[in-house]
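Letters go in sequence order (proteins before strands), and every chain restarts at 1.
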Amino acid sequence: MEQLKTIGRELAMSSQGGFGQSKEFLDLIKSIGETRSKAEEDRIVLREIDTLKARLSSPNTPKFKLKEYLMRLIYVEMLGHDASFGYIHAVKMTHDESLSLKRTGYLAVTLFLNEDHDLIILIVNTIQKDLKSDNYLVVCAALNAVCRLINEETIPAVLPQVVELLGHQKEAVRKKAVMALHRFYQRSPGSVSHLISNFRKRLCDNDPGVMAASLCPLFDLIVIDVNSYKDLTVSFVNILKQVAERRLPKSYDYHQMPAPFIQIKLLKILSLLGNGDKKSSEQMYTILGDIIRKCDSDSNIGNAVLYECICCVSSIHPNPKLLESAADTISKFLKSDSHNLKYLGIDALGRLIRISPEIAEQHQLAVIDCLEDPDDTLKRKTFDLLYKMTKSSNVEVIVDRMIDYMISINDHHYKTEIASRCVELAEQFAPSNQWFIQTMNKVFEHAGDLVNPKVAHNLMRLIAEGFGEDDDTADSQLRSSAVESYLRIIGEPKLPSNFLQVICWVLGEYGTADGKYSASYITGKLCDATEAHSTDDTVKAYAVTALMKIYSFEIAAGRKVDMLPECQSLIEELLASSSTDLQQRAYELQAVICLDARAVENIMPMDANCEDIEIDKNLSFLDAYVQESLEKGAQPYIPEDVRSGLSNISNFRSQDHESSTHALRFEAYELPKPSVPSKVPSVLSSSAELVPITQPSYVAEVHQPASSALTVSSSGSSELKLRLEGVQKKWGRPAFSSTTPSPSSSDTFGSNNGTTQHESISSTKSKVHNVSYDSRKQQTEVSSEKKKLAASLFGGASKSDRKQSYSGQKVSKTNSHASDKSIIAEATSSSDTAAVRPTSQPPPDLLDLGEQTVTSSAPSVDPFKQLEGLLNLTQDTTNLSSSGVSMPDAPDLMSIYADMSSSSQSTTVAPPPNVTKAHLAKQPSKGSNVQEFLEKDALVRQVGVTPSGQNPNLFKDLLD
Amino acid sequence: MIRGVIVMNDRGKPRLVKFYEFQPAEKQQELIRSIYRVLCSRAENVSNFVKVDSLFGPDVRLVYKTYATLYFVFIFDSSENELAMLDLMQVFVEALDKCFSNVCEIDVVFNFNKVHTILDEFILGGQVLETNSSEVVKTVEEISKFFLPPQLCVCLISFRYSYGYDLLFYAGSRGLQIQSWAVHQFLAGSGDSIFIALVTSFITILC
């Protein structure tokens with residue numbers, strides 16, 4: 001009897017909770033809980049893993065023990081250790097007859113395996129069997145597993161059973177079957193598209209639980225395609241009515257609310273259905289009003305429903321009565337002590353001001369409280385709100401606040417977001433150039449590495465072009481203030497690379513322009529900067545080019561250049577640099593300095609970075625050369641499509657290649673630029689011999705001979721020529737196409753295109769944000785700082801301002817339209833984007849939003865006249881670009897371009913596309929006249945100014 | 001859709017981890033660590049919401065709440081309502097409380113398979129399936145009828161070998177059936193008193 005008692009006691013201890021485990025497991029958990037260090041824990045877990053390995057694989061472990069081991073295995077993996085050795089045991093356990101073991105097996109596999117794991121195939125059979133089981137608990141277990149483990153390929157294996165289960169007598173099974181089907185739809189919409197009507201059917205299920213379950217897939221379906229479900233609006237409204245009138249069983253009540261979770265889901269669906277649809281919205285007004293009135297705002301869940309109502313009201317066609325009660329609710333939220341409610345209030349406010357902007361004003365103090373709240377989540381939400389309501393009258397306050405906050409946080413992700421928002425707002429609403437530059441400086445200083453590099457490019461462009469006004473003095477003022485601020489900043493010890501690039505460029509371009517600072521002062525600063533950031537090759541490249549500009553301006557102005565000793569040593573260091581780009585820049589600098597004033601002036605004209613460069617796209621200057629070669633007996637050029645005869649396939653392939661080059665950036669495999677061009681033929685002939693044994697996948701080697709076809713033929717050796725043709729036929733095609741966008745220039749394409757797109761997006765956005773707020777009822781007593789802040793945030797929008805922003809809207813609308821058009825034009829030329837882009841690139845200043853705000857805020861000029869002008873101009877460019885697209889011989893152009901881009905081994909410089917052309921066009925004949933080449937090249941650089949960031953570093957890797 | 005549910009203690013040890021979209025083990029650990037870092041830095045009396053788009057992608061939010069030594073964390077996207085998630089969490093904890101009678105950390109960690117079972121009744125494939133804790137408790141009890149403590153299994157199996165009776169077959173239907181079966185066996189003269197005593201002691205433990 002004694003013995004029995006002890007057994008009984010032990011049993012009682014372990015059976016606690018009914019899912020009992022052994023003492024061993026308890027000990028394991030305890031010992032891990034008591035560990036002091038991670039290393040100690042790891043030791044214990046590793047020991048445990050060894051034990052489990054041995055026990056799981058021993059053949060005579062009883063099944064119930066196996067179950068416990070599996071649980072321990074899950075535990076071990078939850079702690080972050082590899083348990084893959086036991087996966088197969090988990091799979092085996094799913095085959096077991098007993099429900100408890102089967103459930104454990106399913107739990108383990110759902111936690112261990114992803115849906116593409118090899119072992120899944122071993123489970124599908126079991127799942128199929130279990131779905132047919134008589135025991136509904138087994139069916140439920142299998143459905144749980146189905147939701148997690150079935151992938152696109154295995155869906156057909158279980159689909160029939162799951163569909164059958166939709167009609168199962170147990171509502172728990174029906175519910176899970178609906179969810180499983182929904183999961184299939186998420187995984188692969190195509191494989192269950194014929195079964196979607198089942199979701200509609202389940203909406204009428206007798207059991208409210210199943211109905212609620214079917215709302216989940218319907219919500220997803222409506223998100224994708226509203227229009228096919230408009231007919232259900234009435235049903236949803238009816239269901240919501242029934243729920244709100246407590247027609248559902250009492251068991252669905254929660255905190256005295258009738259089925260609040262179902263209400264929330266339904267409200268979400270209704271807000272989608274009513275969005276922009278007056279007829280559907282009208283059906284919802286009554287029920288929405290009822291719910292808002294009835295809702296109990298003391299409980300958490302009541303507020304959840306209320307919040308959902310506000311979201312719905314702000315999404316559907318506006319109804320003044322509902323908007324009013326929504327605004328009341330919002331003010332209740334904002335006044336509440338609960339941070340959760342304040343958070344929701346701010347979020348709801350952000351939604352509602354899109355429709356009725358004036359309500360923001362009543363809550364200004366509450367919003368400012370939230371801005372100063374210690375709760376970070378609330379703060380961020382408030383910044384989201386401010387971002388949405390920024391306009392030209394409050395941009396300064398908001399952006400300043402944002403920058404302060406940006407400086408105070410460490411979270412990189414959010415810092416990036418705020419920085420880009422600051423930039424966006426500043427570009428959109430900047431009240432003055434001065435302010436814009438200062439703001440940008442701040443953003444760059446504190447988050448320069450996080451912002452998009454194209455922002456830096458935009459800033460440079462802005463400084464170069466001014467704000468587009470014809471007022472030269474304003475522009476030069478802008479520049480000299482920029483130079484001044486940069487000279488102050490450049491000495492700081494830690495500056496982001498992006499920002500330094502901008503600084504170097506501006507100093508090089510305009511440092512000596514106003515005569516305030518001497519050349520030696522600025523060059524000294526530049527040298528100091530490169531010394532302080534000696535690891536950054538891109539900055540060095542910018543600095544060297546800046547030095548070159550300053551020296552050549554000096555020479556052109558007739559002054560004598562005496563190089564500072566630190567400059568001298570810098571250049572000497574770069575002459576021996578392992579980066580070919582830096583080397584080349586240093587050599588060029590040396591060469592330029594030795595030239596006379598007239599030549600230098602041609603190479604580096606003052607302030608010429610905005611001038612266009614003419615491009616001979618047909619490369620007609622090569623005609624004589626080609627003629628000469630043909631007379632000498634060279635093979636005439638055969639267009640690509642004729643050559644291969646399989647133009648379709650090759651086109652497809654070339655596109656394929658193109659995209660892959662975009663994605664992978666093969667820059668490193670381009671040929672390094674030889675500094676002495678006359679070397680080229682010999683290098684090429686040797687590499688041409690290499691070709692037949694080279695792997696075709698090695699792009700650089702392969703394209704080399706193909707590209708040299710033009711240049712080499714002059715070297716005469718017919719044997720060599722023959723070989724090259726052979727090579728060309730065999731390997732040339734893919735090589736041609738794969739190098740089509742020379743990586744460095746494709747980089748620029750991307751960013752150019754990105755810019756236009758970005759601008760068009762932001763201009764469409766501006767339509768949304770540009771809503772002006774009326775401030776008729778602005779409070780007069782301004783005593784506290786808070787009220788001042790409130791006024792600056794919310795008030796100050798006078799009537800004239802309103803009109804201005806309206807015209808601004810107009811402009812942005814047309815602009816976005818125009819730029820859309822040009823983007824479309826670009827898109828249509830998909831087969832030869834590279835060839836067309838240069839022409840279709842719209843003039844940047846037209847789309848520049850900064851300029852646009854300025855024009856719109858010039859009160860003396862009729863905004864519509866201006867608008868007209870803008871419109872015409874934009875249309876012109878659009879026409880131009882589309883005519884570029886429709887050119888019949890575009891593919892030919894493309895192939896020429898491809899030839900050229902590969903023949904000029906200009907990997908290191910990344911000027912804008914049109915500039916590349918000029919550069920490329922020049923190169924083949926350059927051998928004779930270095931000076932001319934240098935001039936062109938320098939001009940190119942001056943305009944383009946974008947030393948590609950990646951290249952030098954990649955080369956370093958190769959060379960090391 | 002709900003992206004994941006995590007229960008961890010106030011020292012960052014995971015007690016229950018469930019992601020509705022597969023995450024490799026290392027990624028899971030990283031996410032748990034980053035979430036723990038975020039939660040630690042939160043002051044008291046602030047909102048229960050955190051934006052976690054840096055970890056999970058745009059517009060993904062997290063709701064957390066502390067119950068005694070445990071953090072409960074739900075991660076979800078914009079198709080769910082924050083406050084409603086907070087309530088769902090409350091319902092989940094209520095269900096745990098009913099199943100374990102005064103749930104504490106050791107219950108959750110020691111019986112995490114049962115916690116998983118409970119959670120699976122609430123959320124399936126990232127969608128909310130059930131929101132009533134009593135319903136869930138009912139289902140879970142039904143399932144746990146099929147679960148037996150391992151020691152009991154040992155005894156049952158030893159019965160099988162020493163007496164030749166397959167008790168395991170009856171184990172699923174718990175107390176009464178086993179007892180009536182045992183009495184029946186006794187009356188039929190095929191058992192002895194120790195056997196009856198053992199069975200009765202099981203029943204007292206089980207019921």
Side-chain angles (χ1 to χ4, degrees), chain A residues 4 8 10-12 14-15 17-22 26 29 64-65 68 71 75 77-80 82 99-100 103-104 107 114-115 137 144 147-148 172 175-176 179 182-183 209 213 216 219 251-252 254 261 264 268 300-301 303-304 307-308 339-340 343-344 374-375 377-378 380 411 413-414, chain B residues 14 17-18 22 25-26 28-29 43 45-51 53-54 79 81-84 86-88 91 99-100 107 109-114 116-117 120 124-125 127-132 134-135 139 142-144 146-153 155 157 197-198 201-202 204-206:
Chain A
L4 270 180
E10 264 187 27
L11 283 174
S14 62
S15 68
F19 279 60
Q21 264 74 10
S22 74
L26 189 65
I29 291 167
F64 68 91
K65 271 281 174 194
E68 191 200 305
M71 298 307 300
Y75 184 70
E77 185 157 285
M78 188 164 74
L79 292 176
D82 179 44
L99 177 68
S100 105
R103 278 195 72 98
T104 312
L107 173 65
N114 70 345
E115 65 266 16
L137 291 171
N144 275 351
C147 283
R148 185 69 189 75
K175 242 180 350 188
K176 290 193 173 170
M179 291 301 190
H182 179 205
R183 197 69 178 159
C216 300
F219 175 77
S251 66
Y252 284 90
Y254 178 75
F261 294 97
I264 288 170
K268 278 195 183 290
N300 198 27
I301 194 72
N303 287 320
Y307 164 74
E308 213 51 62
H339 279 83
N340 287 350
Y343 170 89
L344 290 187
D375 185 354
T377 315
L378 191 53
R380 287 182 191 189
D411 175 356
H413 178 83
Y414 197 58
Chain B
V17 179
K18 182 137 198 156
F22 183 79
E26 314 83 62
Q28 280 191 15
Q29 293 305 310
N45 299 325
V46 291
S47 64
N48 298 78
F49 316 132
V50 181
K51 216 171 155 192
D53 44 0
S54 55
S79 63
N81 178 316
E82 282 103 330
L83 274 187
L86 202 56
D87 269 296
L88 187 68
V91 178
C99 286
F100 292 110
D107 288 326
V109 60
F110 196 54
N111 295 299
F112 68 91
N113 55 337
K114 188 169 183 177
H116 269 293
T117 310
D120 283 345
L124 183 62
Q127 303 290 343
V128 183
L129 187 70
E130 177 61 65
T131 49
N132 187 327
S134 337
E135 290 287 323
T139 323
E142 210 160 322
I143 294 167
S144 36
F146 289 81
F147 284 65
L148 285 176
Q151 271 87 346
L152 182 58
C153 295
C155 291
I157 283 166
L198 257 180
S201 72
F202 289 152
T204 41
I205 294 157
L206 283 171

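Among A:Ala172, A:Ser251, A:Pro374, the residue with the largest count of heavy-atom pairs under 4.5 Å with chain B is A:Ser251. The most heavy-atom pairs under 4.5 Å with chain B, out of A:Glu308, A:Glu115, A:Glu77, come from A:Glu308. When each of B:Leu86, B:Thr139, B:Leu129, B:Asn45 is checked for heavy-atom pairs under 4.5 Å with chain A, B:Leu129 comes out on top.
Nearest heavy-atom pair, B:Phe110 versus A:Ile29, reported as atom, atom and distance to 0.1 Å: CD1-CD1, 3.6 Å. Scanning both residues, B:Ala84 and A:Ala304, for their nearest heavy atoms gives N-CB, 3.8 Å. Looking at every heavy atom in both residues, B:Phe49 comes nearest to A:Thr377 through O-OG1, 2.7 Å. Looking at every heavy atom in both residues, B:Val109 comes nearest to A:Tyr75 through CG2-CE1, 3.5 Å. Residues A:His339 and B:Val46 come closest through the heavy atom pair CB-C, 3.7 Å. Smallest separation of non-hydrogen atoms from A:Met78 and B:Gln29: O-NE2, 2.9 Å.
Side-chain contact annotation: B:Asn81 with A:Tyr307, donor-acceptor N/O pair under 3.5 Å absent.
Heavy atoms of A:Leu344 lying under 4.5 Å from chain B belong exclusively to its side chain. For B:Ala43, no part sits under 4.5 Å from any heavy atom of chain A, backbone or side chain. Contact annotation for A:Lys175: both backbone and side-chain heavy atoms come within less than 4.5 Å of a heavy atom of chain B. In this structure, chain A has heavy atoms under 4.5 Å from both the backbone and the side chain of B:Ser79. Both the backbone and the side chain of B:Asp53 come within contact range of chain A, with heavy atoms under 4.5 Å apart. With a threshold of 4.5 angstrom between heavy atoms, A:Ile301 approaches chain B through its backbone and through its side chain.
Between the CD atom of B:Glu82 and the OH atom of A:Tyr343 there is a distance of 4.0 Å, given to the nearest 0.5 Å. Of the inter-residue distances, the one linking A:Arg103 atom CZ with B:His116 atom NE2 reads 11.5 Å to the nearest 0.5 angstrom. The distance from atom CD of B:Glu130 to atom CZ of A:Phe261, rounded to the nearest 0.5 Å, is 10.0 Å. Rounding to the nearest 0.5 Å places CE of A:Met71 at 3.0 Å from CG of B:Asn113. One finds the CZ atom of A:Arg380 at 8.0 Å from the NZ atom of B:Lys51 (value rounded to the nearest 0.5 Å). Rounded to the nearest 0.5 Å, atoms CG (B:Asp120) and NZ (A:Lys176) are 7.0 Å apart.
One N or O on the side chain of A:Asn340 and one on the backbone of B:Asn48 form a donor-acceptor pair closer than 3.5 Å. For the pair B:Glu26 (side chain) and A:Gly80 (backbone), a donor-acceptor distance under 3.5 Å is absent. Side chain of A:Asp375 to main chain of B:Ser47: a donor-acceptor pair is present (N/O by atom type, distance under 3.5 Å, no hydrogens or angles).
Contact check for A:Tyr254 versus B:Asp87: side-chain heavy atoms found under the 4.5 Å cut-off.
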